[in-house]
Amino acid sequence: MYAIGCICLFLGLLWMFLPHASHAAFIESVGGHADAEEILKEHLIHTGEGLVLTLIGLWLLVCNERRQKQKKRKS
């Protein structure tokens with residue numbers, strides 16, 4: 001559970017702070033026109049997705065820590 005929490009935390013932070021300047025380049029490379037509103041919308045969506053994944057990772061790490069403490073108390 002600890003390893004999964006670490007992976008989720010890392011991927012969430014990576015997704016949240018990924019340079020989103022590439023959005024404009026990607027949109028233009030597929031033949032579209034990148035306007036500022038569309039880029040901002042995608043940036044906010046990716047930031048939200050990264051935040052959710054980060055919070056899941058942190059929750060898993062906290063749960064794992066609590067489980068480890070309970071095991072130490074029992075033994």
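The shown structure was predicted, so the numbers you read here are calculated from the model rather than taken from an experiment. Counting begins at 1 with the first residue of the sequence. The figures here come from the full heavy-atom set of this structure, side chains too, leaving out hydrogens, waters and symmetry mates.
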- Task: Answer with yes or no whether the hydrophobic clustering places L13 together with Y2; edges join I, L, V, M, F, W, Y residues whose side-chain heavy atoms lie under 4.5 Å apart.
- Result: yes
- Would you kindly confirm whether V52 and M16 end up in one hydrophobic cluster when ILVMFWY residues are joined by side chain heavy atoms under 4.5 Å apart? no
- Item | Residues that Q68 engages under side chain to side chain donor-acceptor pair (under 3.5 Å), provided they are two or more places apart | none
- Query: Roughly how far apart are I7 CD1 and L14 CG, rounded to 0.5 Å?
  - Reply: 13.0 Å
- Pairs involving residues 48-57, ordered by first then second residue, that meet side chain to side chain donor-acceptor pair (under 3.5 Å) (sequence neighbours left out): W15-E49
- Message: Within a 6.0 Å radius of atom CG on L51, are there more than 12 heavy atoms belonging to other residues, nucleotides or ligands?
- Response: yes
Extract all donor-acceptor atom pairs below 3.5 Å that involve side chains of residues 55-67 and protein atoms in other chains or at least two apart in sequence.
none

